[in-house]
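What follows is one structure encoded as structure tokens, with my remarks underneath.
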Amino acid sequence: MRYEGDIYRPPSEAYSYILQITIGCAHNKCTFCGSFKAKKFRIRHLDEVFEDLEMARRYYKRVERIFLADGDALVCKNSYLLAVLEKIEELFPECDRVSIYGRGTDILRKTDEELLELKAHNLGMIYMGVESGNPEILRRIQKGETREQMIEAVKKSEGLGIPVSLTFLSGIGGRELWRENAIDTGTIISEMEPSYASFLTLMLVPGTPLYDQYKRGEFELLRPDEVLKEAELMLENINVTKKCVFRSNHASNYVSLKGDLPIDKEAMIQKLRVAQHHSEMWKDERFRML
Ligand code: SF4
């Protein structure tokens, strides 16, 4: 119930109780991300976290979902995460899902047994920012993990029955690498077969390295119609065999898309094709936000 700094959560956790177990992001190097630049990373002391949970129990009558923040809270050791999950089970028996932000390398660092222990104590979703499937873009944005590592991590988690919700960034390759971003993002989703995938659209955040690159003319933003063309090519390159809930209806997107892959793929591609030539379908720049 006590929060330090700005708090970020996935849109689908809008009604969850947010528990901050870490402050900031342990990686904190991605060139486009300004979310945690003002925070020095640390893991909160368990006593403080338990106090927050007890406060929340007194305040909320019913809590069905809990989201563990900040940036990559899955970086915490399993013993710490288990202690938090067990306390949640004790205080919130009605809670049916705990979710968390994590990086691919966090998933890979944990053994299958450790992940299954977390699952047994109600960890039911890992949110992961992949951003792009293109190795060169991942290197340029200093993602700190490779395409191969992220594919392995998603397959591992999904294979153990912990669904993963992935985000990708339209426009993150700029004008120079838009085609590579589209094709490699489509193919990485095909290889990963995640339960959930969503496209956000890049917005430059002042104070980030990518913003500075843009100001120096080293990075070019795509126009809205180019973003839609890129998304069309991404979708064309997604070939999944099991259901993937697909969303591109974030506040940063120019055109809202919602569907299940593979069955709604063609309808979503058609909408993007039409929208490229109809600017009245685009969200006004003033209303876009992160
Ligand atoms: S994008 Fe994610 S991993 Fe990268 S700095 Fe931001 S919070 Fe950390």
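Read the numbers this way: they start at 1 and go in the same order the structure lists the ligands and their atoms. All values derive from a computational prediction rather than experimental measurement. Note that the numbering runs from 1 along the sequence shown for the chain.
Of the protein's non-hydrogen atoms, C25 SG, 2.3 Å is the one closest to atom 8 (Fe) of ligand 1. When hydrogens are left out, the protein atom nearest atom 2 (Fe) of ligand 1 is K143 NZ, 4.2 Å; that is the closest non-hydrogen contact.
For F246 and F199, the ring centers sit closer than 6.0 Å to each other.
Residue C30 counts as close to atom 4 (Fe) of ligand 1, with an N, O or S atom under 2.8 Å. With a cut-off of 2.8 Å, atom 8 (Fe) of ligand 1 has no N, O or S atom of C33 in range.
Residue contacts with ligand 1 include N28, since one of its heavy atoms falls under 4.0 Å from the ligand.
Using a cut-off of 4.0 Å between Lys/Arg side-chain N and Asp/Glu carboxylate O, E232 and K271 are scored as not salt-bridged. Comment: R42 engages E4 in a salt bridge, judged by a side-chain N to carboxylate O separation of less than 4.0 angstrom.
Of the options R103, M128, E145, E131, the smallest heavy-atom separation from atom 3 (S) of ligand 1 is shown by R103.
Side-chain contact annotation: R65 with S12, donor-acceptor N/O pair under 3.5 Å absent. For the residue pair T105 and Q149, no side-chain donor N or O sits within less than 3.5 Å of a side-chain acceptor on the partner.
Between R175 and F219 there is no side-chain heavy-atom pair separated by less than 4.5 Å.
No part of Y101 comes within 4.0 Å of ligand 1, judged by heavy-atom distances.
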